[in-house]
**Q** 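Okay, handing you the structure first.
Start at 1 with the first residue, then count along the sequence. Because only heavy atoms are used, hydrogens play no part in the values below, and waters and symmetry mates are left out as well, while side chains stay in. Please read these numbers as outputs of a predicted model, since none were measured by experiment.
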Amino acid sequence: VDLQIDDTKTKRVALTFDDGPDPKVTPSILTTLAKYDAKATFFMLGSRVEFYPEIASDVLKAGHELGNHTWTHAKLTNMTTDAILEEVSKTNNIIEQSTGQEPTVFRLLYGAFNDDLVNILNLPVVLWDVDTLDWKHRDASQLLVSVKSSVHDGSTILMHDIHLSTAQGLEDVLVYLI
């Protein structure tokens, strides 16, 4: 999101959503993002893209970035190289099959990584510095509180497009950021 402060300075934050797509929440988030002409990165689970390929396609059609978040939401640091490659490549394949485009970025589960893991992955790894804890609170009003407490120019905000409360609180976040 580009935040126009004045003519001489533009601040930016990255909006990211993990664990989707979801048949109810993701479309609602897409509608709110479109209302504010905001773009985001959606880190998708391959197993959910398999169930909701049309929603994954809608994310791309709306101009958002597609990211890989593994097939099963697996913590890769506990897995063999072959198992890691299977999680990542299977997800890349289903996202490309569903949308016509491969993911451009990768998000690790829980931010857990090691050097071996980073060397295995063929995609840039994107972490975050603002965790909204939307998965924990499930409270639309808490989303803005979490963002306000730690956002700054250049932040990457972590949210999830599987919780209705995130979709319900997103507009307040966007209004605040703008």
Side-chain angles (χ1 to χ4, degrees), residues 1-2 12-132 134-135 154-164 166-167 170 174:
V1 175
D2 289 343
R12 290 186 169 84
V13 298
L15 304 172
T16 67
F17 296 91
D18 287 11
D19 297 349
D22 180 87
K24 293 180 182 170
V25 179
T26 305
S28 177
I29 287 173
L30 291 175
T31 298
T32 303
L33 291 171
K35 179 177 178 180
Y36 290 92
D37 195 29
K39 299 300 179 197
T41 303
F42 287 78
F43 291 95
M44 300 181 183
L45 294 176
S47 58
R48 294 191 64 83
V49 173
E50 184 177 46
F51 282 112
Y52 309 112
E54 67 288 344
I55 299 170
S57 183
D58 290 345
V59 169
L60 181 64
K61 287 176 187 170
H64 303 287
E65 185 175 26
L66 304 177
N68 181 323
H69 197 44
T70 75
W71 186 267
T72 62
H73 206 265
K75 188 172 181 184
L76 301 182
T77 53
N78 297 336
M79 299 173 69
T80 66
T81 298
D82 287 345
I84 292 167
L85 292 173
E86 174 77 9
E87 284 277 337
V88 175
S89 65
K90 193 172 178 184
T91 302
N92 282 346
N93 291 340
I94 194 71
I95 291 174
E96 183 177 21
Q97 179 184 333
S98 300
T99 68
Q101 179 178 305
E102 284 189 353
T104 55
V105 287
F106 185 86
R107 172 158 286 157
L108 296 157
L109 287 290
Y110 318 108
F113 68 96
N114 55 40
D115 290 340
D116 290 338
L117 181 57
V118 172
N119 290 332
I120 292 169
L121 300 172
N122 290 328
L123 291 168
V125 174
V126 177
L127 297 175
W128 62 89
D129 64 323
V130 177
D131 187 348
T132 62
D134 59 342
W135 57 271
S155 283
T156 299
I157 301 171
L158 169 63
M159 296 172 278
H160 297 80
D161 61 322
I162 57 171
H163 305 303
L164 186 57
T166 301
L170 182 60
L174 292 174

**Q** Could you tell me the separation between the CG atom of Leu158 and the CG atom of Asp134, rounded to the nearest 0.5 Å?
**A**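 Result: 6.5 Å between the selected atoms.
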**Q** Determine whether Leu174 and Leu15 make a side-chain contact, defined as any pair of heavy atoms from C-beta on separated by less than 4.5 Å.
**A**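 Side chain of Leu174 against side chain of Leu15, heavy atoms only: contact under 4.5 Å found.
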**Q** Would you find a donor on one side and an acceptor on the other, under 3.5 Å apart, between the side chain of Lys39 and the backbone of Ala62?
**A**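 Confirmed, Lys39 side chain pairs with Ala62 backbone.
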**Q** Donor-acceptor pair, Thr31 side chain versus Pro27 backbone, under 3.5 Å?
**A** yes
**Q** Rounded to the nearest 0.5 Å, what separates atom CG in Asp22 from atom CG in Leu164?
**A**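 Here the rounded value is 9.0 Å.
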**Q** For Thr72, what residues pass the side chain to side chain donor-acceptor pair (under 3.5 Å) criterion, not counting sequence neighbours?
**A**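 Thr72 satisfies side chain to side chain donor-acceptor pair (under 3.5 Å) with Glu87 only.
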**Q** Kindly compute the distance separating CG (Leu85) from OG1 (Thr80), expressed to the nearest 0.5 Å.
**A** 8.5 Å
**Q** Heavy atoms, side chains only, cut-off 4.5 Å: are Ser57 and Lys61 in contact?
**A** yes
**Q** For residues His69 and Leu109, report the shortest heavy-atom separation together with the two atoms involved.
**A** NE2-CD1, 3.5 Å
**Q** Could you tell me whether Asn122 atom CG has more than 12 heavy atoms of other residues or ligands within 6.0 Å of it?
**A** no
**Q** Checking Asp19 against Arg48 for the salt bridge (charged side-chain N to carboxylate O under 4.0 Å, His left out) test, could you report, in this order, the C-alpha distance in whole Å, the side-chain angles of both residues, the deciding distance, and whether it holds?
**A** CA-CA 8 Å; Asp19 297 349; Arg48 294 191 64 83; over 6 Å; no
**Q** To the nearest 0.5 Å, tell me how far Asp58 CG sits from Thr26 OG1.
**A**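 Reported to 0.5 Å precision, the distance equals 9.5 Å.
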**Q** Check whether Asn68 reaches the backbone of Pro103 with its side chain - one donor and one acceptor, N or O, closer than 3.5 Å.
**A** no
**Q** For the NE2 atom of His163 and the CG atom of Asp18, what is their distance to the nearest 0.5 Å?
**A**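 The CG atom of Asp18 is 9.5 Å from NE2 of His163, to the nearest 0.5 Å.
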**Q** Provide the closest heavy-atom pair for Leu117 versus Ala112 in the form atom of the first, atom of the second, distance.
**A** CD2-O, 3.9 Å
**Q** Would the distance check show the side chain of Ser47 and the main-chain N or O of Trp71 forming a donor-acceptor pair, the cut-off being under 3.5 Å?
**A**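 Confirmed, Ser47 side chain pairs with Trp71 backbone.
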**Q** Do Asn92 and Leu123 pass the side chain to side chain contact (heavy atoms under 4.5 Å, CB included) test, and can you show the C-alpha distance, the side-chain angles, and the key distance before you say yes or no?
**A** CA-CA 10 Å; Asn92 282 346; Leu123 291 168; 3.7 Å; yes
**Q** Among Val105, Thr99, Val49, whose side-chain contact (heavy atoms from CB on, under 4.5 Å) with Leu66 holds?
**A**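 Of the listed residues Val105, Thr99, Val49, the side-chain contact (heavy atoms from CB on, under 4.5 Å) partner of Leu66 is Thr99.
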**Q** Should Val25 and Ile162 count as side-chain neighbours, where that means a heavy-atom distance under 4.5 Å?
**A**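 Not in contact.
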**Q** When you measure from the side chain of Asp129 to the backbone N and O of Thr156, does any donor-acceptor pair fall under 3.5 Å?
**A**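 At least one qualifying donor-acceptor pair exists.
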**Q** For a quick test of reading the model, state the closest non-hydrogen atom pair linking Pro21 to Ile55 and the distance between them.
**A** CB-CG2, 3.6 Å
**Q** Under the criterion side-chain contact (heavy atoms from CB on, under 4.5 Å), which of Val126, Val130, Asp131 is the partner of Trp128?
**A**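 Checked Val126, Val130, Asp131 against Trp128; only one passes side-chain contact (heavy atoms from CB on, under 4.5 Å): Asp131.
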**Q** Can you find a heavy atom in the side chain of Thr41 that is under 4.5 Å from one in the side chain of Arg107?
**A** no
**Q** Would you check if the distance from the ring center of Tyr110 to the ring center of His73 is below 6.0 Å?
**A** yes
**Q** By side chain to side chain donor-acceptor pair (under 3.5 Å), which residues pair with Thr91, not counting sequence neighbours?
**A**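 Testing Thr91 for side chain to side chain donor-acceptor pair (under 3.5 Å), a comparison that skips the adjacent residues, returns none.
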**Q** Can you find a heavy atom in the side chain of Thr166 that is under 4.5 Å from one in the side chain of Asp161?
**A** no
**Q** About how many Å separate OG of Ser28 and CG of Leu33, when rounded to the nearest 0.5 Å?
**A** 9.5 Å
**Q** Which class fits the ring pair Phe17 and Phe42: parallel under 30°, tilted 30 to 60°, perpendicular over 60°?
**A** parallel
**Q** Donor-acceptor pair, distance only, cut-off 3.5 Å: does the side chain of His64 make one with the backbone of Val59?
**A** no
**Q** Where is the tightest heavy-atom contact between Ile29 and His160, given as atom of each residue plus distance?
**A**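 Closest approach of Ile29 to His160, heavy atoms only: CD1-O, 4.4 Å.
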**Q** Is it the case that the side chain of Ser155 and the backbone of Ile157 share a donor-acceptor pair, with hydrogens and angles ignored and the cut-off at 3.5 Å?
**A** no
